[in-house]
Amino acid sequence: MLADTRSQTPEHIAIIMDGNGRWAERRGRPRIFGHIKGCGRVREIIREADRLGVKKLTLYAFSSENWGRPTDEVSVLMRLLYKWLIRERRELLEKNIRFRAIGAIHRLPVTVQRMVEDTMKVSQENSGLQVTLALSYGGREELVTTARRLASRVVSGEISVTDINEDLFSSQLWTADIGDPDLLIRTSGEQRISNFLLWQLAYAELYFTDKMWPDFKASDLRLSLDAYSRRQRRFGLTEHQLEVRV
Ligand code: IPE
Ligand code: IPE
Ligand code: MG
């Protein structure tokens with residue numbers, strides 16, 4: 001019996017929502033059109049994750065490296081983010097969803113920052129699904145920020161070098177009380193992490209689909225959960241060890 005390591009709904013799903021630009025270009029439309037369509041998909045996926053009993057959903061919306069895109073595209077993305085927050089806030093609250101953001105939020109335009117902070121604040125007591133947007137997020141930047149934070153605590157004498165262990169390190173990450181994803185989904189056919197949650201994905205199950213993000217539907221999320229349920233997470237142990245544990 002392997003019931004403890006299989007057939008479970010992942011508690012925490014992370015998604016790299018990729019392929020908006022190509023989706024639009026294949027239709028002879030500007031990339032921006034794909035971003036608009038992609039934004040529209042988010043609601044359906046949040047609803048479905050909620051319905052399926054997922055506890056945490058972490059969505060990669062804009063990376064540290066995405067700042068290097070053409071200025072026009074970056075400003076459209078920022079505007080879309082702002083509009084998304086305005087449009088979705090009511091539904092998030094109605095559904096008891098807790099909204100959070102991780103990343104270098106201070107790099108976002110001030111209007112967006114305010115909206116992000118405000119949405120986090122008004123939803124902070126909500127006990128339902130936790131939706132986290134990774135905005136201006138880079139895994140390496142997060143790790144460097146964490147290393148600096150710990151180094152300054154050592155310098156100030158608050159902690160000693162030997163106090164630094166995996167638990168303390170995790171507790172200083174941007175994801176401190178969000179934790180590690182069980183399942184990572186990436187759309188668009190690319191099979192890479194692109195600087196997303198480098199620490200947190202250590203033991204996540206990876207699921208890649210050729211669907212572009214604007215085409216990723218609730219049924220596609222269910223397919224990824226089916227695939228997850230057929231995986232056996234071993235965390236470095238042997239199959240036999242997992243069997244005798246039951
Ligand atoms: C994902 O789609 C959205 C962001 C990175 C902001 P892309 O814009 O990367 O679309 P492709 O990968 O170029 O098709
Ligand atoms: C990753 O997609 C970032 C987001 C989806 C927000 P990218 O399109 O930026 O990644 P690469 O460039 O293909 O690795
Ligand atoms: Mg891309």
Side-chain angles (χ1 to χ4, degrees), residues 10-18 35 38-39 41-43 45-46 49-50 54-69 74 77-78 80-82 84-86 88-89 92-93 97-150 152 166-187 192-204 206 213:
E11 198 166 292
H12 183 175
I13 301 179
I15 308 183
I16 303 179
M17 307 183 290
D18 194 24
H35 293 314
C39 252
R41 271 289 163 222
V42 178
R43 183 189 292 175
I45 297 307
I46 291 178
D50 194 27
V54 172
K55 303 271 182 287
K56 297 171 191 173
L57 185 65
T58 301
L59 304 171
Y60 203 7
F62 192 85
S63 74
S64 312
E65 290 74 23
N66 291 150
W67 288 113
R69 292 193 178 191
V74 171
L77 285 167
M78 291 301 138
L80 284 174
L81 175 59
Y82 184 76
W84 185 86
L85 287 164
I86 291 181
E88 300 302 320
R89 185 197 291 235
L92 296 176
L93 294 178
I97 290 172
R98 179 165 183 190
F99 171 83
R100 326 179 96 164
I102 50 168
I105 305 302
H106 64 275
R107 291 187 69 189
L108 301 171
V110 180
T111 47
V112 179
Q113 274 182 55
R114 282 211 197 103
M115 192 55 75
V116 164
E117 279 154 15
D118 205 47
T119 312
M120 288 198 330
K121 206 163 156 204
V122 294
S123 68
Q124 70 187 356
E125 303 297 335
N126 288 355
S127 55
L129 176 69
Q130 276 194 41
V131 173
T132 303
L133 287 192
L135 302 169
S136 187
Y137 175 87
R140 288 184 173 178
E141 190 176 345
E142 179 181 29
L143 293 174
V144 169
T145 305
T146 301
R148 282 203 189 122
R149 224 180 252 173
L150 289 168
S152 62
E166 291 187 16
D167 286 341
L168 183 66
F169 201 91
S170 292
S171 75
Q172 299 302 302
L173 291 166
W174 287 331
T175 53
D177 47 0
I178 300 172
D180 300 346
D182 300 298
L183 171 66
L184 171 77
I185 299 169
R186 181 173 188 147
T187 58
R192 54 177 171 260
I193 303 295
S194 299
N195 205 12
F196 192 37
L197 301 175
L198 297 180
W199 169 284
Q200 298 87 340
L201 291 173
Y203 268 104
L206 309 181
W213 176 251

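A quick note: this is a predicted structure, and the numbers were derived from the prediction, not measured.
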Answer whether the closest heavy-atom distance between the side chains of [X] and [Y] falls below 4.5 Å.
X	Y	result
L85	D118	no
N66	L77	no
F62	M78	yes
P181	L197	yes
S136	W67	yes
F169	T146	yes
L173	L143	yes

Smallest separation among heavy atoms of [X] and [Y], with atom names:
X	Y	value
I97	N126	O-ND2, 2.8 Å
D18	T187	O-OG1, 2.7 Å
I15	L184	N-CD1, 4.5 Å

Using a 3.5 Å distance criterion without hydrogens, assess whether the side chain of S123 forms a donor-acceptor pair with backbone atoms of L93.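 No; judged by distance alone, with no hydrogens or angles, the pair does not exist.
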
Does N195 use its side chain to pair, donor to acceptor, with the backbone of G138 at less than 3.5 Å?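 No, N195 side chain to G138 backbone: no donor-acceptor pair under 3.5 Å.
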
Salt bridge (charged side-chain N to carboxylate O under 4.0 Å, His left out) pairs, two or more places apart, involving residues 120-142: none

What salt bridge (charged side-chain N to carboxylate O under 4.0 Å, His left out) pairs are there with at least one residue in residues 100-112, not counting sequence neighbours?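 Output for this query lists R100-D177.
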
Considering residues at least two apart in sequence or located in another chain, which fulfil the side chain to side chain contact (heavy atoms under 4.5 Å, CB included) criterion with D50?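 D50 satisfies side chain to side chain contact (heavy atoms under 4.5 Å, CB included) with K95, L129 once adjacent residues are dropped.
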
Could I get the full list of side chain to side chain contact (heavy atoms under 4.5 Å, CB included) partners for S194, not counting sequence neighbours?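 Partners of S194 by the side chain to side chain contact (heavy atoms under 4.5 Å, CB included) criterion, ordered by chain and then number, come out as R186, R192.
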
When rounded to the nearest 0.5 angstrom, what is the spacing between [atom1] in [X] and [atom2] in [Y]?
X	Y	atom1	atom2	result
T132	R98	OG1	CZ	8.5 Å
C39	M17	SG	CE	8.0 Å
D180	L201	CG	CG	8.0 Å

Chi angles and distances behind the side-chain contact (heavy atoms from CB on, under 4.5 Å) call for W213, I45: CA-CA 11 Å; W213 176 251; I45 297 307; 3.7 Å; yes

Tell me whether the count of non-hydrogen atoms from other residues, nucleotides or ligands lying under 6.0 Å of CZ in R148 goes above 12.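 Counting other residues, nucleotides and ligands, CZ of R148 stays at 12 neighbours or fewer.
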
Taking atom CD as the centre, does E166 end up with more than 12 heavy-atom neighbours from other residues, nucleotides or ligands that are less than 6.0 angstrom away?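 No, not enclosed.
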
When you look at L133 and W84, which way does the side-chain contact (heavy atoms from CB on, under 4.5 Å) test go after all the steps? CA-CA 12 Å; L133 287 192; W84 185 86; 4.0 Å; yes

How would you list, by chain and number, every residue that makes a ring-ring contact (aromatic ring centres under 6.0 Å, His included) with W174, sequence neighbours excluded?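 Partners of W174 under the ring-ring contact (aromatic ring centres under 6.0 Å, His included) test: Y137.
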
Tabulate below the donor-acceptor pairs under 3.5 Å that side-chain atoms of residues 110-117 make, not counting sequence neighbours, or state none.
{"unit_1": "Q113", "atom_1": "NE2", "unit_2": "H106", "atom_2": "O", "d": "3.1"}
{"unit_1": "Q113", "atom_1": "NE2", "unit_2": "L108", "atom_2": "O", "d": "2.8"}

side-chain contact (heavy atoms from CB on, under 4.5 Å) between I178 and H12, worked out: CA-CA 9 Å; I178 300 172; H12 183 175; 3.7 Å; yes

